[in-house]
Amino acid sequence: IPNVFGTEGTRLYKTGDKARYLNDGNIEFLGRIDYQVKIRGFRIELGEIESVLTQHPSVLQAVILDRKDQLGNKNLVAYVVLNQLAFNPNELRHFLRDKLPDYMIPHAFVQMDALPLTPNGKINRHALPAPDLSQISLENGFVAPHSPREKILADLWTELLGLEKVGIHDDFFEMGGHSLLAIQLISRLREAFSIQLPLRCLFESPTIAELAELLAAQQIEQAENNMLEQFLTEIDELSDEEVKQLLTE
């Protein structure tokens, strides 16, 4: 853009940052102008998510913030004012997922009766409450893990997602999981169950119940393969005379 502070014909690069010159010639950074944030390497324009979210027929107003969870990870949080009493966060998630990439889907949704305002009538983002992440699992109807395999998976999920509890029908990605956490989970599964699952398995079986069934099937298959390999090894170590004797018997 034209440099209004310099000589004619010089240019400035517009970054979207707000700053001011200090008396000593240094520049003080004051924040962003356009509410752009960077999460897990992706630059996200919060206004773009707000615009899509307000297209939902139940949403009157929406504000998106980036907030840190208990583990210090940044996540997107949606604050919505609805035109009806029924609040279904999963419906809003699926609505956004049809229009936006996964990294732009909010981790949590908070229903507000009204958005807080500053004295000059603008939305007061600093007054928006922190989300109650313990309620995310309840949105799907909490079902506690009961088998040892499900309990191990639940412990891994709560640790990685920074949640107090998760149910066996909760979707890993709807609970705040993303590609980096998915890679970590696959690594933890290898340590816990001695099974190497491809990453796509987590996308195909994103709940604890589904993943527990998949792991059980994989463990049975692995045990059968180990038995077959052991049998073939034993056969290979036999002499020709021992093989002929076995065939005769």
Side-chain angles (χ1 to χ4, degrees), residues 1-56 59-81 89 92-93 95-133 136 159-163 173-185:
I1 61 173
N3 183 4
V4 297
F5 306 104
T7 58
E8 185 176 354
T10 59
R11 312 283 288 180
L12 289 176
Y13 179 73
K14 184 176 181 180
T15 66
D17 298 316
K18 185 178 181 180
R20 66 174 179 175
Y21 277 113
L22 301 179
N23 291 333
D24 60 5
N26 286 315
I27 298 176
E28 179 185 4
F29 174 70
L30 301 176
R32 295 288 303 181
I33 295 175
D34 55 3
Y35 298 116
Q36 186 185 92
V37 298
K38 189 174 184 180
I39 297 181
R40 296 183 289 277
F42 295 101
R43 290 195 176 275
I44 301 172
E45 173 57 60
L46 300 181
E48 183 178 349
I49 307 174
E50 294 170 356
S51 176
V52 174
L53 190 53
T54 52
Q55 294 174 20
H56 190 281
V59 178
L60 290 177
Q61 290 180 287
V63 171
I64 309 295
L65 286 186
D66 62 319
R67 304 192 76 125
K68 289 186 177 180
D69 60 20
Q70 297 174 346
L71 302 177
N73 299 315
K74 275 187 176 184
N75 292 297
L76 297 174
V77 179
Y79 297 86
V80 294
V81 177
L92 298 180
R93 278 195 190 92
F95 177 79
L96 291 178
R97 191 160 278 136
D98 289 337
K99 301 175 182 297
L100 297 172
D102 285 343
Y103 63 84
M104 295 180 73
I105 307 302
H107 173 49
F109 290 80
V110 180
Q111 183 179 11
M112 306 284 293
D113 294 330
L115 297 175
L117 302 177
T118 62
N120 60 5
K122 294 184 178 181
I123 295 175
N124 187 354
R125 294 172 178 261
H126 299 290
L128 292 168
D132 183 2
L133 298 180
I136 296 180
E159 181 182 350
L160 288 174
L161 297 173
L163 300 174
F173 299 99
E174 290 183 355
M175 298 287 286
H178 49 76
S179 56
L180 294 180
L181 286 179
I183 293 172
Q184 292 183 45
L185 179 58

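Numbers here are sequence positions counted from 1. On a predicted model such as this, the values are computed, not experimentally measured, just so you know.
Contact detail for Gly121 and Leu117: the closest heavy-atom pair is O-CD2, 3.8 Å. Minimum heavy-atom separation, Ile49 to Met104: CD1-O, 3.4 Å. When every heavy atom of Gln184 is checked against every heavy atom of Leu160, the shortest pair comes out as OE1-CD2, 3.6 Å.
Formation of a donor-acceptor pair under 3.5 Å by the Glu50 side chain with backbone atoms of Ile64 is found in this model. No donor-acceptor pair under 3.5 Å is formed between the side chain of Arg67 and the backbone N or O of Pro131. No side-chain donor-acceptor contact under 3.5 Å links Tyr13 to the backbone of Ile1.
Contact annotation: the side chain of Thr54 never approaches that of His56 to less than 4.5 Å [non-hydrogen atoms, C-beta and beyond]. Taking 4.5 Å as the limit, every side-chain heavy atom of Ile27 sits out of range of all side-chain heavy atoms of Arg20. Side-chain contact check for Arg97 versus Asp102: some heavy-atom pair is nearer than 4.5 Å. For the pair Leu12 and Pro2, the minimum side-chain heavy-atom distance is 4.5 Å or more. Side-chain atoms of Glu48 and Leu100, non-hydrogen and from C-beta on, do get closer than 4.5 Å to each other. Within the 4.5 Å cutoff, the side chain of Leu115 has heavy atoms near those of the Leu128 side chain.
Taking CZ of Phe29 as the start and NZ of Lys18 as the end, the distance is 11.0 Å to the nearest 0.5 Å. With rounding to the nearest 0.5 angstrom, the OH atom of Tyr79 is 12.5 Å from the CD1 atom of Ile123. Taking NZ of Lys74 as the start and CD1 of Ile44 as the end, the distance is 10.0 Å to the nearest 0.5 Å. We find the NZ-CD1 distance between Lys99 and Ile105 to be 11.0 Å, quoted to the nearest 0.5 Å. The distance from atom CZ of Arg93 to atom CZ of Phe173, rounded to the nearest 0.5 Å, is 13.5 Å. For the atom pair CG (Asn3) and CD (Glu8), the distance works out to 11.5 Å, reported to the nearest 0.5 Å.
Remark: of the listed residues Asn75, Leu76, Asp66, Asn75 is the sole one forming a side chain to side chain contact (heavy atoms under 4.5 Å, CB included) with His107.
Other residues, nucleotides and ligands place no more than 12 heavy atoms under 6.0 Å from the CG atom of Asn23. The 12-atom threshold is not exceeded at CG of Asp113, counting heavy atoms of other residues, nucleotides or ligands nearer than 6.0 Å.
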- Message: Run the side chain to side chain contact (heavy atoms under 4.5 Å, CB included) test on Leu53 and Leu96 for me, step by step, so that the C-alpha distance in whole Å, both residues' side-chain angles and the decisive distance to 0.1 Å come before the verdict.
- Response: CA-CA 7 Å; Leu53 190 53; Leu96 291 178; 4.0 Å; yes

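Using cut-offs of 30° and 60° on the angle between ring planes, the pair Phe42 and Tyr103 is parallel.
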